[in-house]
K.L.:
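Sharing a structure with you now.
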Number of protein chains: 2
Amino acid sequence: MPVLPDYFKISNKIQEDVKRGKLKPGDKLPSIAELCKQHDVSPSTIRLVFVRLEALEVIDRHQGKGVYVTDPATWMRKP
Amino acid sequence: MPVLPDYFKISNKIQEDVKRGKLKPGDKLPSIAELCKQHDVSPSTIRLVFVRLEALEVIDRHQGKGVYVTDPATWMRKP
DNA sequence: CCACATTTGTCCGTATGTATC
DNA sequence: AGATACATACGGACAAATGTG
């Protein structure tokens, strides 16, 4: 059984939280700095998580604002 | 019009090559070092491309061997 | 079996830019 | 104007898998 890398485990965890409704569409994720502390990893690793989750359309990233759980409702007309 | 980042443009280009049949399922991509030269970026950027394309299930990565275009036929019993 | 080179993999820390508040 | 937060990109250290001799 392969040991999953950090960026994989973290993005899986976030995906799980979304599936379980712990994170809902439109919710804002903690800041990068916060996620670094929570998982004890560097900003670069969190960035990998974001690139992956963005490709999977789980999150939307907004420079200067934050990272949000994808909301199909506000998908087309982004604020 | 937003200027797309390098890792985005490169992964889009590879996706295009796959769609157009220039790259076919099972094909091996150039090495990271090679892709660095071709696009004049660092290895880190190419890795970002791979993380994205892997999430999109466009490629399969095999440590020590290479990176291949996803082939549904050989998906389960990898060579 | 062992040694070695090649290749990919993970993770880190940092510099700089840009959008938002 | 200043603080905060995300975005992009780089380069390096070290690990792990593969293939070859």
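FYI, side chains are in, hydrogens and waters are out, and symmetry mates aren't considered; it's all heavy atoms of this structure. So you know, we letter chains A, B, ... as the sequences are listed, proteins then strands, and number each from 1.
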K.L.:
Check the distance between D/dA7's P and A/F50's CZ and give it to me in whole angstrom.
P.N.:
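Spelled out: CZ on A/F50 to P on D/dA7 is 7 Å.
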K.L.:
Would you check if B/Y7 and B/I46 make a side-chain contact, meaning some heavy-atom pair closer than 4.5 Å?
P.N.:
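Not in contact.
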K.L.:
Rounded to the Å, how far apart are B/R52 CZ and D/dA7 C1'?
P.N.:
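Interatomic distance, CZ of B/R52 to C1' of D/dA7: 14 Å.
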K.L.:
Check the phosphate of C/dT10 against B/R47, side-chain N and O only, distance under 4.0 Å to OP1 or OP2. Yes or no?
P.N.:
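It does not, given that no N or O in the side chain of B/R47 lies less than 4.0 Å from OP1 or OP2 of C/dT10.
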K.L.:
Give the rounded distance in Å between these two atoms: NZ of B/K37 and P of D/dC10.
P.N.:
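Whole-Å distance recorded here is 16 Å.
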K.L.:
On the nucleotide D/dT8, are OP1 or OP2 found under 4.0 Å from the side-chain N or O atoms that B/Y7 carries?
P.N.:
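Yes, such a contact exists.
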K.L.:
Given that A/S44 and B/V67 both sit by DNA chain C, which one's nearest nucleotide is further toward the 5' end?
P.N.:
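Of the two residues, B/V67 wins.
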K.L.:
Starting at atom NZ of A/K9, determine the distance to atom P of C/dT10, rounded to an integer number of angstrom.
P.N.:
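So the two atoms are 12 Å apart, to the nearest Å.
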K.L.:
Can the positive tip of B/R61 be found less than 6.0 Å from the middle of the six-membered ring of B/Y68, inside 45° of the ring normal?
P.N.:
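Geometry flag: not set, cation outside 6.0 Å or 45°.
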K.L.:
To the nearest 0.5 angstrom, please state how far the OG atom of B/S11 sits from the CD atom of B/E54.
P.N.:
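Taking OG in B/S11 and CD in B/E54, the distance rounds to 13.0 Å.
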K.L.:
Determine whether any donor atom in the side chain of A/S42 lies under 3.5 Å from an acceptor atom in the base of C/dG13, or the reverse, and answer yes or no.
P.N.:
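For A/S42, whose side chain was compared with the base of C/dG13, there is no donor-acceptor pair (under 3.5 Å).
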K.L.:
From the list C/dG9, C/dG13, D/dA5, which nucleotide is the closest neighbour of the side chain of A/S31?
P.N.:
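Out of C/dG9, C/dG13, D/dA5, the nucleotide with an atom closest to A/S31's side chain is D/dA5.
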K.L.:
A/I32 side chain: which of C/dC12, D/dC6, D/dG11 is closest?
P.N.:
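Shortest atom-to-atom distance from the side chain points to D/dC6.
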K.L.:
Report yes or no: does A/T70 contribute a side-chain atom to a donor-acceptor pair with the main-chain N or O of A/V58 at less than 3.5 Å?
P.N.:
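Yes; at least one donor-acceptor contact below 3.5 Å.
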K.L.:
Can you check each nucleotide of nucleotides 15-21 of chain D against protein heavy atoms at under 4.0 Å and return B for base, S for sugar-phosphate only, - for none, in 5' to 3' order?
P.N.:
BBBS---
K.L.:
Please determine whether the number of non-hydrogen atoms from other residues, nucleotides or ligands lying under 6.0 Å from atom NZ of B/K37 exceeds 12.
P.N.:
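No.
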K.L.:
Give a yes/no answer on whether the side chain of B/R61 brings an N or O atom under 4.0 Å of OP1 or OP2 in C/dT10.
P.N.:
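True: B/R61 side-chain N/O within range (under 4.0 Å) of C/dT10 OP1/OP2.
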K.L.:
Under 4.0 Å between a side-chain N/O of A/T45 and OP1 or OP2 of C/dC12, yes or no?
P.N.:
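Checking C/dC12 against A/T45, a side-chain N or O does come within under 4.0 Å of OP1 or OP2.
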K.L.:
To the nearest 0.5 Å, tell me how far A/K19 NZ sits from A/N12 CG.
P.N.:
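Result: 8.5 Å between the selected atoms.
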K.L.:
Whole-Å distance between C/dT7 C1' and B/I59 CD1?
P.N.:
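So the two atoms are 14 Å apart, to the nearest Å.
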K.L.:
CD1 of B/I46 versus C1' of C/dG9: gap in Å, rounded?
P.N.:
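The distance from CD1 of B/I46 to C1' of C/dG9 comes to 15 Å, rounded to the nearest Å.
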K.L.:
What residue among B/I59, B/T45, B/I10 forms side chain to side chain contact (heavy atoms under 4.5 Å, CB included) with B/F50?
P.N.:
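Among B/I59, B/T45, B/I10, the one that satisfies the side chain to side chain contact (heavy atoms under 4.5 Å, CB included) with B/F50 is B/I59.
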K.L.:
Rounded to the nearest Å, what distance is computed from the CG atom of residue B/L48 to the P atom of nucleotide C/dT8?
P.N.:
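Rounding to the nearest Å, CG of B/L48 and P of C/dT8 are 16 Å apart.
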K.L.:
Just how far, in rounded Å, is P of D/dA5 from CG of A/L35?
P.N.:
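Roughly 12 Å, once rounded to whole Å.
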